[in-house]
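The structure appears right after this line, and notes come after that.
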Amino acid sequence: MMKEWATVVSWQNGEAIVSCDVKSSCNSCASRSGCGSRILNKLGPQTHHSIVVPCEQPLVAGQKVELGIAEGSLLSSALLVYMSPLVGLFIVAGLFQLLFNTDIAAMTGALLGGVGGFLLAKGLSPALSRRENWQPVILSVGLPPDELRVETSSQDNLL
């Protein structure tokens, strides 16, 4: 199970809207200067995601919760998103190369296959995301922000 802490934005009728901070691994590896992800993150990274999670326990805004999602669902969705355009690209490019026997046709087939694979993944995503085992669940709930209070006694005059 993949785990991540999130902050509650609101809770109503058994559903919590939580906000997760996006963690970037940039600036932590040796290939910072030539990294394409680092350049893309500088263009306008999204700093948080908001998702709706079912929760029967009343929560307050600012409260921390630990979310979990099964590794299998995460790997399956990544496989769908990355592999369907790639497989479509190769299959349609090969088919167009066989049918028309030109490089332009193969290139056009690759473009059509990649776009078709992307559209296939986009079309299947809503249906697959409704599966119960693909939904994040709340594993643990932290204290509300107003519950924790730390008091210290002032003993500065003793010295």
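- D103 CG: 12 or fewer foreign heavy atoms inside a 6.0 Å radius.
- Residues forming a ring-ring contact (aromatic ring centres under 6.0 Å, His included) with F100 (at least two apart in sequence, or on another chain): F96.
- Under the side-chain contact (heavy atoms from CB on, under 4.5 Å) criterion, P85 pairs with F118, sequence neighbours left out.
- Other residues sharing a hydrophobic cluster with I104 under the 4.5 Å side-chain heavy-atom criterion for ILVMFWY residues are M107.
- Residue L74 belongs to a hydrophobic cluster whose other members are M2, I69, with links defined by side-chain heavy atoms closer than 4.5 Å.
- Partners of A110 according to the side-chain contact (heavy atoms from CB on, under 4.5 Å) rule, which considers only residues two or more places apart in sequence or in another chain, are L89, A93.
- Legend: residues meeting side-chain contact (heavy atoms from CB on, under 4.5 Å) with V52, ordered by chain and number and at least two apart, are E15, I17.
- Applying the side-chain hydrogen bond (donor to acceptor under 3.5 Å, both in side chains) criterion to K122, with sequence neighbours excluded, gives no partner residue.
- For the side-chain hydrogen bond (donor to acceptor under 3.5 Å, both in side chains) test, no residue two or more places apart in sequence or in another chain qualifies with Q135.
- Counting Ile, Leu, Val, Met, Phe, Trp and Tyr side chains that sit under 4.5 Å apart, directly or through other members, W134 shares a hydrophobic cluster with L80, L120, L124, L128.
- No continuous path of ILVMFWY side-chain contacts below 4.5 Å connects F90 to L95, so the two sit in separate hydrophobic clusters.
- At least one side-chain heavy atom of V9 sits under 4.5 Å from a side-chain heavy atom of S19.
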Validation: residues 54-68 side-chain donor-acceptor distances under 3.5 Å, sequence neighbours left out:
residue	atom	partner	partner atom	Å
Q63	OE1	V60	N	3.1
Q63	NE2	G142	O	2.7
K64	NZ	T7	OG1	2.9
E66	OE1	S140	OG	3.0

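- Hydrophobic cluster membership for V137: M1, L139 (Ile, Leu, Val, Met, Phe, Trp, Tyr linked by side-chain heavy atoms under 4.5 Å, directly or transitively).
- Within the structure, the side-chain hydrogen bond (donor to acceptor under 3.5 Å, both in side chains) test picks out no pair touching residues 74-88 (sequence neighbours left out).
- Linking Ile, Leu, Val, Met, Phe, Trp and Tyr residues whenever their side-chain heavy atoms come within less than 4.5 Å leaves V92 and L86 in two separate clusters.
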